[in-house]
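The shown structure was predicted, so the numbers you read here are calculated from the model rather than taken from an experiment. For ligands, and for the atoms within them, numbers begin at 1 and follow the listed sequence.
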Amino acid sequence: MEAPGVSGGSFSLRRFFSMLKTEKLGRDIFYYHRASSTNLVLKHMARAGVVDEGAVVLAETQTMGRGRLDREWFSPPGGLWFSVLLRTRRPDSLIPHAAGVAVVLSIRKMGLESVIKWPNDVLVGGKKLAGILTEVGDWGVVVGIGINANVDTAAFPPDVRERSTTLLEITCVPVDREKLLADVLLELEKEYNLLVGGGEEGKERLLEKWIALTDTIGRYVVVLTPMGEVRGRAVAIDPSGALVVETPDGGIKKVAVGDCLYLR
Ligand code: BTN
């Protein structure tokens with residue numbers, strides 16, 4: 001019998017490897033039925049020096065799943081909760097953007113119209129399908145990605161259910177999580193290589209892709225930042241990935257961290 005909230009059975013590493021086309025990402029994968037947080041586990045491993053570039057930690061459920069701005073991230077069975085280690089010496093502020101592009105391209109490959117909402121939320125039909133939490137240390141960068149894949153929305157608390165969606169809810173059939181993970185890792189590897197190996201031109205190309213996939217630019221927004229609210233029209237992102245907002249008095253503000261709400 002399936003566990004509540006899960007659909008489609010447990011993850012098959014054999015099927016995953018049969019579909020993985022990356023050079024590095026995901027070649028070394030650590031699979032847990034239950035983990036505290038895949039980011040936490042991978043950070044410990046990276047700090048201890050027992051894993052290398054591309055290592056992935058994947059968990060069926062997380063007991064302490066974490067989101068941006070220190071929020072809790074609900075991680076019931078059926079989701080795709082994983083973290084990837086990038087051992088770059090020069091962490092780039094655009095790595096989360098590379099991950100956002102990778103997730104949206106992979107979801108679009110499934111025929112679903114997904115978009116990025118600044119900074120890197122992945123939405124379908126205006127509801128959140130996936131989130132990205134990037135953490136940096138002297139050991140490298142851990143990119144944590146949570147995709148609400150085969151999750152029954154009943155598994156979410158009411159407030160999360162209201163603003164979130166899942167692939168199961170959208171497609172009404174369990175999706176192939178092994179294929180989805182293999183796709184996301186391949187797209188992430190491409191974007192990451194562009195970022196670290198493509199110089200200024202590579203960064204520009206990544207930003208162009210991000211802009212083509214977002215529905216934030218041009219919107220009237222309120223951005224809740226640790227320093228207060230910024231209201232206005234989102235007009236661009238700058239080369240560091242910060243959101244550029246034109247305020248009602250005609251001024252320009254750049255926001256690096258925060259939560260973006262659409263006003264209309
Ligand atoms: C967000 O707030 O939108 C980011 C959510 C990131 C969730 C993922 S799930 C895998 C990884 N492990 C965590 O604890 N968080 C990230």
Side-chain angles (χ1 to χ4, degrees), residues 5-6 11 25-26 29-47 51 54-86 95-104 106-107 114-124 126-137 140-151 155-157 159-167 177 180-181 184-185 188 210 214-216 223-226 241 243 256-262:
V6 70
F11 195 88
L25 303 199
I29 183 161
F30 300 83
Y31 171 74
Y32 294 82
H33 279 284
R34 176 191 296 220
S36 51
S37 146
T38 57
N39 269 32
L40 267 182
V41 172
L42 189 53
K43 277 196 294 178
H44 283 307
M45 289 173 157
R47 210 172 282 131
V51 280
V56 166
V57 171
L58 169 73
E60 290 289 355
T61 61
Q62 300 182 113
T63 53
M64 284 170 51
R66 289 163 54 235
R68 287 190 320 111
L69 307 171
D70 261 337
R71 294 202 190 99
E72 190 177 349
W73 180 262
F74 285 92
S75 318
L80 207 46
W81 323 124
F82 65 100
S83 304
V84 186
L85 177 64
L86 304 174
I95 287 177
H97 300 69
V101 167
V103 174
V104 165
S106 306
I107 300 295
S114 65
V115 291
I116 305 173
K117 179 180 178 207
W118 185 89
N120 279 298
D121 287 350
V122 175
L123 309 185
V124 174
K127 290 190 162 190
K128 183 155 168 170
L129 176 71
I132 293 157
L133 174 67
T134 304
E135 297 185 79
V136 180
V141 181
V142 163
V143 182
I145 300 179
I147 305 178
N148 300 331
N150 297 328
V151 176
F156 288 138
D159 56 323
V160 177
R161 198 181 313 152
E162 209 172 285
R163 56 173 192 269
S164 309
T165 189
T166 76
L167 290 172
R177 291 188 304 157
L180 181 55
L181 180 58
V184 173
L185 292 175
L188 180 58
W210 189 95
T214 187
D215 73 341
T216 301
V223 190
L224 312 174
T225 83
L243 189 66
V257 182
D259 260 338
C260 178
L261 310 176
Y262 293 160

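Residue-to-ligand polar distances place Thr38 within reach of ligand 1: an N/O pair is separated by less than 3.5 Å. Residue Trp81 has no N or O atom closer than 3.5 Å to an N or O atom of ligand 1.
Looking at Val104, Val101, Asn148 one by one, the single match for side-chain contact (heavy atoms from CB on, under 4.5 Å) with Val122 turns out to be Val104.
The closest protein non-hydrogen atom to atom 3 (O) of ligand 1 is Lys128 NZ, 2.6 Å. Closest to atom 2 (O) of ligand 1, if we only count protein heavy atoms, is Arg68 N, 2.7 Å. In terms of protein heavy-atom proximity, atom 5 (C) of ligand 1 is nearest to Trp73 CE3, 3.4 Å. Looking from atom 15 (N) of ligand 1 to the surrounding protein, the closest heavy atom is Arg66 O, 2.7 Å.
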Evaluate the criterion side chain to side chain contact (heavy atoms under 4.5 Å, CB included) for residue pair Ile107 and Leu180; output intermediate values, then yes/no.
CA-CA 8 Å; Ile107 300 295; Leu180 181 55; 4.1 Å; yes
Could you give me the CA-CA distance, side-chain angles and deciding distance for Tyr262 and Thr216, then say whether side chain to side chain donor-acceptor pair (under 3.5 Å) is met?
CA-CA 8 Å; Tyr262 293 160; Thr216 301; 2.7 Å; yes
Test side chain to side chain contact (heavy atoms under 4.5 Å, CB included) on Leu181 and Phe82; report intermediate values, then the result.
CA-CA 9 Å; Leu181 180 58; Phe82 65 100; 3.6 Å; yes
Take Val184 and Leu80 through the side chain to side chain contact (heavy atoms under 4.5 Å, CB included) test and state the conclusion after the steps.
CA-CA 11 Å; Val184 173; Leu80 207 46; 5.8 Å; no
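Across all non-hydrogen atoms, the minimal contact from Ala35 to Ala59 is CB-CB, 3.8 Å.
The shortest side-chain heavy-atom distance between Glu135 and Ser83 does not fall under the 4.5 Å cut-off.
Close approach of ligand 1 to Asp121 is summarised as follows: ligand atoms under 4.0 Å from at least one heavy atom of the residue are 3 (O). Heavy-atom contacts of Gly67 reach the following atoms of ligand 1: 1 (C), 2 (O), 4 (C), 5 (C) (cutoff under 4.0 Å). Counting atoms of ligand 1 from 1 in the listed order, those under 4.0 Å from a heavy atom of Ser37 are 12 (N), 13 (C), 14 (O).
In this structure, Gln62 counts as a contact residue of ligand 1, since one of its heavy atoms falls inside 4.0 Å of the ligand. Using a 4.0 angstrom heavy-atom cutoff, Gly65 counts as in contact with ligand 1.
By the criterion of a heavy-atom distance under 4.0 Å, the backbone of Ile145, and not its side chain, is placed next to ligand 1. Neither the backbone nor the side chain of Leu69 has a heavy atom within less than 4.0 Å of ligand 1.
To the nearest 0.5 Å, the span separating CG on Asn120 from CG on Leu133 amounts to 11.0 Å.
Using cut-offs of 30° and 60° on the angle between ring planes, the pair Trp210 and His97 is tilted.
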